[in-house]
Amino acid sequence: MPKNKKPAGGRPSQNFDPRYAKKRAGGPFRGNDGGARGPRRDEGAGRYDRADRPARDGDRRFDRTERPRYDRADRPARDGDRRFDRTERPRYDRTERPARDGERRFDRDQRPSRDGERRFDRTERPRYDRAERPARDGERRYDRPARPARDGERPFGRDDRPRYDRNERPRFSREGERRSFDRDERPARAERPRAEGERRWEERRQERPVRTQAAEDRIDVVHERLEAQAVQADEVSEMTFADLGLGDNIVRALAALGAEKPFPIQASTAASIIDGRDVLARGRTGSGKTIAFGAPLVEKVLRAKAGVKRDFGRAPVALIMAPTRELALQIDRTVQALARSVGLFTTQVYGGVPQGRQVGALKKGVDIVIGTPGRIGDLHRQGKLDLSQVSVSVLDEADHMCELGFLEPVQEILRQTAEGGQKLLFSATLDREVAALVDEFLVAPQVYEVAGETQETGTIEHRILVVEHRSKPEILDQLVAREGKTLVFTRTRAYAEMLAEQFDDAGVDAISLHGDLNQAKRTRNIDRFSKGRARVLVATDVAARGIHVDDVDLVIQADAPDEYKTYLHRAGRTGRAGRTGRVVTLIPRQRRRRMTEMLERAEIEAPFDDVRPGDDLLDELAGAPTVADLTA
DNA sequence: AAAAAAC
């Protein structure tokens, strides 16, 4: 029973909801962060706000957000227009000029020190050492418990490594340099007779030992458990959300979100989560993972808080982490709705926006924090986010969060949460990669996947188009000239930007999404695509995972992905929640073999077709996919 | 090699 009877509206966290903040933060500015530093409307509550009053007749209102910022540098120089470029002017250095006659130059260090004069000498000052200062009241110091070294583990310390000596390094020499390579002289690889003992790239790759045997064994245990706990979809098909142990308010909130009946992954994991078990769960893209962890998480936090007053400034007890800001925002939209229904509060903590708002929300007190690792770690280090009370941590896209660059910050954050806290790891491609986290943080995890949930039973049609490199732009133009929503993936940010412009020039409403855009623009663009105001979104892999946009019926991979997991996630932006979708991947001729291997790993069947601009097949593929296409 | 994630 929620202690807090106050309705959710009018409570502080509304101010931190990006949907409300959007108008203020947004703006088609180039190269700044969307004017987010301006005065905030919610700061002086009750102040008269002109924008809030309905417009009077003939009332002209100036809307800052609609006017593009004037950028002098963007305008071509007019004739005789002199532009000053700071970088080109050499710095004026007084000391380099010869002293003029009779000029006295003052050099402090040369002059004998005057009586009683204190001179500052860096070397005399003792170094400030945090560890030597007695801990302040309530200050928590992180001290990693000394743990015996694991087998084969090298303790960290630079001293045992021999110093790098420049002079011992063999000299670089151009002698005996390889003859320059001539493309045309060499026969194509397939035809070229194999030299004696030659192993080709694919074979070499297969032979390469990837991990030590110990690591392999440990990982296999995880993998086997994954297989062992598969839940049959029909076993749980009769369940309702109430049967799973969720309270009335949450069940009603779920219905309002359009979730009337639990999907298999939701039905199978809920009981374990509410029980407080550690959970690993794999569920196909679009199978409802957010609700699968979100609803039981809210239920659990609610039970833990039963009878406890919601104190001002209370520390969060649950943490959800995601790999991108957009995904964190999207998760919050679902979890916040569930949490509010029972009087709990959530806040988002992610980068690219000023901290103030997030810190303000934390100061008031929240129960569930949702965000990305960078800012969460940052606020924690600044002492603005107390993680010590977090007893449930969720990692969405867990395998991705274990990749290079993500793993360490994630580990560091999890180490700051309450000892023995519950951990939930979710992903559509949950695999051995999560072993690093499982080993350190999970205790006897329950592992779930839904039996029979394979790509073959999915609702997505896959096609591979083999194209000439030079005809790629035209082919893409032909594919995106269509009615439905199209999501185009590229490998780089620059190409995403370029394609969006190309489509725009061709008269197709296209926008981009990638890490070179400021957060205001990112949020605005994905919002425009969701609402259908732009029918084509060209994105990097920032949009590959987890992002849900209704009714995307065509995914185009302008660049093929490098990894089968990336293929599955990108493809999973369509065909969600049982709807049909189509994925078209463009590859150059020489990539056929690699593509075939990738599809095998992903367990996807897809026909290959050679296409040229203007081919009827392109128009066909641009049309809406039907169920018949899937069975064909 | 690129993308993501902090200022």
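Please read these numbers as outputs of a predicted model, since none were measured by experiment. Lettering of chains follows the sequences in order, A, B, ..., and the numbering in each one begins at 1. Note: hydrogens, waters and symmetry copies are ignored here, and every other heavy atom, side chains too, is used.
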To the nearest Å, give me how far apart [atom1] ([X]) and [atom2] ([N]) are.
X         : N      : atom1 : atom2 : value
Asp516(A) : dA4(B) : CG    : C1'   : 12 Å
Leu329(A) : dA5(B) : CG    : P     : 11 Å
Leu513(A) : dA3(B) : CG    : C1'   : 12 Å
Asp559(A) : dA1(B) : CG    : C1'   : 12 Å
Tyr567(A) : dA2(B) : OH    : C1'   : 20 Å
Gln519(A) : dA6(B) : CD    : C1'   : 13 Å
Phe489(A) : dA2(B) : CZ    : C1'   : 15 Å
Glu412(A) : dA6(B) : CD    : P     : 16 Å

Measure the spacing between CG of Asp477(A) and CZ of Phe503(A) and express it to the nearest 0.5 Å.
6.0 Å

Of Val480(A), Val555(A), Leu537(A), Asp559(A), the residue whose pairing with Val488(A) passes side-chain contact (heavy atoms from CB on, under 4.5 Å):
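Result for side-chain contact (heavy atoms from CB on, under 4.5 Å) with Val488(A): Val480(A).
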
Using only side-chain N and O atoms of [X], determine if any of them is under 4.0 Å from OP1 or OP2 of [N].
X         : N      : answer
Arg325(A) : dA6(B) : yes
Arg545(A) : dA5(B) : no
Thr540(A) : dA2(B) : no
Thr324(A) : dA5(B) : no

Which nucleotide in the set dA6(B), dA4(B), dA1(B) lies at the smallest distance from any side-chain heavy atom of Val542(A)?
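The listed nucleotide nearest to Val542(A)'s side chain is dA4(B).
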
Looking at dA2(B), dA4(B), dA1(B), which one has an atom nearest to any side-chain atom of Thr492(A)?
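Closest nucleotide among those given: dA2(B).
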
Mind running side chain to side chain donor-acceptor pair (under 3.5 Å) on Gln330(A) and His548(A) for me, showing each step along the way?
CA-CA 8 Å; Gln330(A) 179 184 295; His548(A) 177 93; 5.9 Å; no

For [X], report the nucleic acid contact type (base, sugar-phosphate, nothing); a contact means any heavy atom under 4.0 Å.
X         : answer
His400(A) : nothing
Asp541(A) : nothing
Gly405(A) : base

Partner set under side chain to side chain donor-acceptor pair (under 3.5 Å) for His569(A), not counting sequence neighbours
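Testing His569(A) for side chain to side chain donor-acceptor pair (under 3.5 Å), a comparison that skips the adjacent residues, returns Thr429(A), Arg545(A).
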
Less than 3.5 Å between a donor and an acceptor, one on the side chain of Arg381(A) and one on the base of dA6(B), is that the case here?
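Yes, the side chain and the base share a sub-3.5 Å donor-acceptor pair.
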
Pair up each side-chain donor or acceptor in residues 283-294 of chain A with any protein partner under 3.5 Å, not counting sequence neighbours, and list the distances.
unit_1    : atom_1 : unit_2    : atom_2 : d
Arg284(A) : NH1    : Thr454(A) : O      : 2.6
Arg284(A) : NH1    : Thr457(A) : OG1    : 2.9
Ser287(A) : OG     : Arg284(A) : N      : 3.4
Ser287(A) : OG     : Arg284(A) : O      : 2.6
Lys289(A) : NZ     : Gly283(A) : O      : 2.7
Lys289(A) : NZ     : Arg284(A) : O      : 3.2

